[in-house]
Amino acid sequence: MKKCMECMKTRWNRFVALLKRHPPLQYVIFGGMLAIMGLGPYFGIIPVSTAMFGALITVMIWTVAALGINLLLGYGGLISLATAGFMGVGALGVGIFMTEYGWPFELAALMTLLISGALGLLIGIFSLKVSGIYLAIGTLFVGEILRRIFTNVPIFGGERINIGEITFLGRFTIDRNLPFQDFATGASQYERYWLYLILTVLMVLTMIVVHNIVKSSTGRAFMAMSRSENAAQSMGISIIKYRLIAFIVATMLATLGGIMYAIYFQNAPTEAWTLILSLMIIGAVVVGGLKSIFGTFLGAVIIHLVPNLYLRPLFGDVRSLFTGVLIIVVILFYPRGVVFVVTDLKKLWGKLKKRLQGRKETAHDEQS
Amino acid sequence: MSGALRSFDGVKRMNITNLLRVLFNSLNTGSVYALAALGIVLIFRTSRTTNFAQGSIGTLNAYVAGYLFMTFGWSIWVVALASMATAFVTGILIDVFVIRPAAKVNPISKQIITLGLIIVIVGAIPFIFGVDTYQLSRFFTTGAYTVAGATLRHNTIFVVLLSLFLMSAIFWFIQYTKWGLAIRVTASDETTSRLMGVPTKTVTMLSWATAAMLGTLAALIIAPQGSVNPNFMVDVQVNAFFAGVLGGFQTFYGAVIGAYIIAFARNFTNFYISDIWADVIVYSSILVFLYLKPFGLFGKKPIRKV
Amino acid sequence: MNSPKKPILELNKVTMRFGGLVAVDNLSFTVHEKEIVGLIGPNGAGKTTVFNCATQFYDDYEGDIRFYTEAGDSVDLRSKKVTEIAPLGISRTFQNIELVQDLSILDNVLIGAHYKFETGVFRHIFKTKKARDEEQVWKARAEEILKFMNIAHLKHFYVAGQPYGILKKIEIARAMMMNPRLIILDEPAAGLTDYETDELEKLVYRIRDEYNISILLIEHDMGFVMNICDRVCAINFGKYIAMDTPKNIQEHPEVKEAYLGSEA
Ligand SMILES: Nc1ncnc2c1ncn2[C@@H]1O[C@H](COP(=O)(O)OP(=O)(O)OP(=O)(O)O)[C@@H](O)[C@H]1O
Ligand SMILES: [Mg+2]
C-alpha cells in the first residue's frame, strides 16, 4: 500500500515536471476536461446539465475576448471599452460575408479577423497620442460608433442576421437546432457537441497563443512598456510597436469571440454589443486575475456561470449587481484577482505549518 | 426609410426655420450634456478619475423622481427637489464607500471602479423600483414662442437659463470663494493641499455630491423626451464624456462649450446629412480631432518627468 | 590611461531649458574610452538632465552631443530617437529605480537584451525553434551577468519587495545585458550601505576592465566618486565649473565653494 503511494507520488512529480517543460500541455488537458464535461447532457453520468452546457459556451466565448483584454490591461496597462463592439464585428462580419456574399465560413472568418486587426491597428495608432485616462474615453467612442453602425445601418437588417447551418471545411455541415436527444428514438444527437468542441479547441488555442506571447520577449516588452515607459525606451523597446501589437491582438481576440458566438448560435444579433458587455468582459479579467490565463477563465465562470446558474434561482437576475460589486471589491481588497486565492491559501498554510513545527521544535528543545 | 438618400433629394432646405429648429433642439440637449459634463469635470479635478457612472447616478435618482411623481402625483418641482436631495446623499455615499478607499489604486483601476458602479446601479434598479419604466413631465408643460416658424418651448428657455445660471454660479464659486480655491488646490496637488490644511476629504465629498446633483438634473431634463429606464442616460453619459474630451478636462468652461458643440453637431448632421450616419460621422470627427489635439480645445499637455 | 585617448561621448555647448529655467547651461565635456567619469554637483544642478539629453529623452536641447562608434565614426545623437540609443551601445540606469515590479529578476534583466532579439511576435506566438533557442541564449547570458553581480541565487524572485541594494544591482545588470560600450549610471550608490558601496566600487571597476565598458556616473557620495573615477566633472546651476582628476577637483576652489562648500 505504502509502496503504491510512493510510486503514485513519483509519477505525479514526473507529470508536474512534464507540464513545467511543456506549459501548453496544461491548457490541452484543461480543454480535454471541458470536452468531457460537454458530454454531460448526453450521458447521465457526468453532472453537467444542458443549462451548464449553455453557460460554458458563453464562458468560453467570454474567455477568448477577455484574454485579449488581459493582454491589453494586465500586461500592457492599456484599456479598451470597445470589446463588445469588436465581438459584434466578429459575429456580424461572419454573418454578412456568409449570407450576403455567400462566402464559405473559413474565408468569412479570416476576412473578419483581418478587418478587425486593421481597426485594432487604428486604435493603436490613436492610443499613441491619446493615452492614460483619455484612452478609455477614446475607445468608448469606437465602441459607440460600432454599435451605432450595427443598429442603424440597413445592411445589418434589423434585429439579427440568421446564418443558419455552417459548413466547416466545405464538408461538415452542422445544424445546431437539433435537440440533444432525438425524441422519437431517444438516441443522442451530437450536433451541438461538435460545436461545443470547436469552441473548446479555439479557446485552448487562444490560451496557448496568449501564454506564448506573455512568456516571450514580446510579453516582457508589454510589461516594461506599462510599468516603466522610460526604462523600456532606453532599452530600445519601441512603445509604438508594442502598443500596436497589444491592440491588434486584443481586437482580434474579441472578434474571435464574436466569431465563436456566430459558430455556436448560428446567428448574429445587432443590439447585443453594448458597453455593459464590454464591462462584463473587463469584469471577468479583473475579478478572475490580471495576468493570469486560467484566472481569466475563472473570472468568466464567476461573472457569467455562477450568477446565471446558481444565483438567479435564488435571488433573481443579480448578474449586474453581483459583477459590479465584485469588480469594486476585488480592486479594493484583492487586486491580484480571485485566482490567487489558491496560492495565497497555500502560502498561509505553509506559514502556519512552519509556525506549528517551530512550536513543536521549541517544545522538544525545552524537553531535552 | 433611407435617410442618406433623403438629404440628396434636397428636401431638407437650409432655410432659417429648419436651422432654428436644429438650434433650439441643440440648446436643450446641449444643456443636458453640459450639466452632466460639468459634474464629470468636477470629479476629475478633485478625484483624478473620469466618472463613468455620472449618467447612472442620474438615472438612479431620476427613478426616485419618477417613482414619487407617478405614485404620489407630486408636482414635478417637488419631485425634482426630492431627487436632488437623494442625489446629494448618493454622491456622498459613493465617495465615502467606494472612491475614498480607492485613493491608492492606480488610475486605470480607478476608472474600472467607476465602470463597475454603472453595472451596480443598472443591476440594483430593478430590485429597488421594479421592472416598470416611469414617466416624468417637463417643468413647463405648455407655452411656446414661434420664431421664424420654429417653436421654442418655454421649457427650453427655462432649461437653458437654469443651466447657464448654475454653470455661472459654479464658475463663480470655484473662482472667487474659499471653497472654490480649496477645490482648485485639491485638483492640482492633493497631498500638499492636505498638508497645508485644506480639508481635501470634504472637498472631494462635496464634489461628488454636487456632481451627482448635476447628473440628476440632466436626467430630469432629458427624461420627458422618453421614459425613465435603466439605460436612458447612456446617451447623455457618452456625450458628456465626449464634451469633456473635446473641451479638455483641465478647464470647466471647456466641457460646457464642448457640450453645446456636440449637441449642435449631432442635431445638424442628423437633420441635414443623414440620420443613419450622423453619430458615426460626428464621433469619428471628434476622434480625429482628439488625435490631432489629444488634450482638447483648451487643455495643455502635461510635462514628462524622467 | 596613457595610450592616445579616444573619445566615446562628447558634449559640446549643450544647453537645456525648461521654460525660463536653464537646467543645463552651455556645458561641454568629453568621456574617453575605458574611462570612469563622475558628474557631480549639488541637488538640482542639472546632472540628470544631462543624462536625459544624452539619451534623447529630451531632444530639444541646444548644442550637440556626439557618440563615437567602435570604428571611430562620430554620431550626432540628436539624429537618433530615444529607442535608437541602446542599439548604438549606450545604456543607462535611473535615479528613481525603474524596474518591472511584478516580474522576476531574471526577466527584468532579460528586458535589457530586448533589442538584440531577432524573433518577433509571430515567431513568439508559434514558439518556433529559433524563438526558443534565442530565449535560451539570452537567458544564459542573463544568468552569467547575475552571477557577476552576485545575485544569481535570487533570479526567480519578483523584484517587488527586494531591498534597495539589490534593486540597484538589477538595474546595472539590465544595463549590461545589451553589451554596451558606455553605461550611464544615475546615482548608483544612493541609499546603499557602506558595505554595499564598497562592493559596488569593485563591481564598477570590473565592469570596465572585464567587459571593456566606459562609465559615466552621477553620484553624491564623494568618497565613492573620489575612489573610483578617473576624472570628475563638476557643475553648478547647469554650468561647467571644472573637470579634472578627483584629487584636483577636491582642491579646486570654485568646486569647494559651490559644492563641498555648500555641504560644509
Ligand atoms: N522635466 C522637467 N521640467 C521642468 N523642470 C525640470 C525638469 N526636469 C528637471 N527640471 C529642473 O531642472 C533642474 C535640474 O534638475 P536635475 O534633475 O537635472 O538635477 P540633478 O542635478 O539631477 O539633481 P539631483 O541631484 O537632486 O538628482 C531642477 O531645478 C529641476 O527642477
Ligand atoms: Mg538627478
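Every chain is numbered from 1, with letters handed out A, B, ... down the list of sequences. The figures that follow rest on heavy atoms only: side chains count, while hydrogens, waters and symmetry mates do not.
- For chain B, the nearby part of A:V286 is the side chain; its heavy atoms alone come within less than 4.5 Å.
- Looking at A:V318, both its backbone and its side chain come within 4.5 Å of chain B, counting heavy atoms on both sides.
- Taking the charged nitrogens against the carboxylate oxygens, A:D344 and A:R336 do have a contact shorter than 4.0 Å, which makes a salt bridge.
- Interface residue B:I112: backbone and side-chain heavy atoms are both found under 4.5 Å from chain A.
- Of the listed residues B:F242, B:F249, B:F241, B:Y283, the one with more heavy-atom pairs under 4.5 angstrom with chain A than any other is B:F242.
- A donor-acceptor pair under 3.5 Å links the side-chain atoms of B:Q54 to the main chain of B:A211, judged by distance alone.
- Contact annotation for A:I137: both backbone and side-chain heavy atoms come within less than 4.5 Å of a heavy atom of chain B.
- For the 3.5 Å distance criterion, the side chains of B:S207 and B:T46 qualify, holding a donor opposite an acceptor.
- Looking at A:I282, only its side chain comes within 4.5 Å of chain B, counting heavy atoms on both sides.
- Contacts of B:T49 with chain A are absent, with no heavy-atom separation under 4.5 Å from either backbone or side chain.
- Between the side chains of B:R266 and B:Y33, at least one donor-acceptor pair of N or O atoms lies under 3.5 Å.
- Interface remark: A:I327 contributes side-chain atoms only to the contact with chain B (heavy atom separation under 4.5 Å).
- Using a 4.5 Å cut-off between heavy atoms, A:L290 does not touch chain B at all.
- Annotation for A:A254 and A:F86: closest pair CB-CB, 3.8 Å, computed over non-hydrogen atoms.
- With chain A as the partner, the residue from B:N231, B:V238, B:I281, B:V122 showing the most heavy-atom pairs under 4.5 Å is B:V238.
- Neither the backbone nor the side chain of B:I125 comes within less than 4.5 Å of any heavy atom of chain A.
- Note: B:L290 leads B:T50, B:L290, B:T114 in heavy-atom pairs under 4.5 Å with chain A.
- When atom types are taken as modelled, the side chain of B:W277 and the backbone of B:I273 share no donor-acceptor pair closer than 3.5 angstrom.
- Only the side chain of A:L73 comes within contact range of chain B, with at least one heavy atom under 4.5 Å from a heavy atom of that chain.
- Using a 4.5 Å cut-off between heavy atoms, B:V98 touches chain A through backbone and side chain atoms alike.
- At distances below 3.5 Å, at least one donor-acceptor pair connects side-chain atoms of A:S226 with backbone N or O atoms of A:F222.
- Highest contact tally toward chain A, considering only B:A278, B:P126, B:G123, is held by B:G123 [criterion: heavy-atom pairs under 4.5 Å].
- Among the candidates A:A231, A:S320, A:P335, the residue making the largest number of heavy-atom pairs closer than 4.5 Å to chain B is A:S320.
- B:F44 touches chain A through its side chain: at least one heavy atom from C-beta onward sits under 4.5 Å away, while N, CA, C and O do not.
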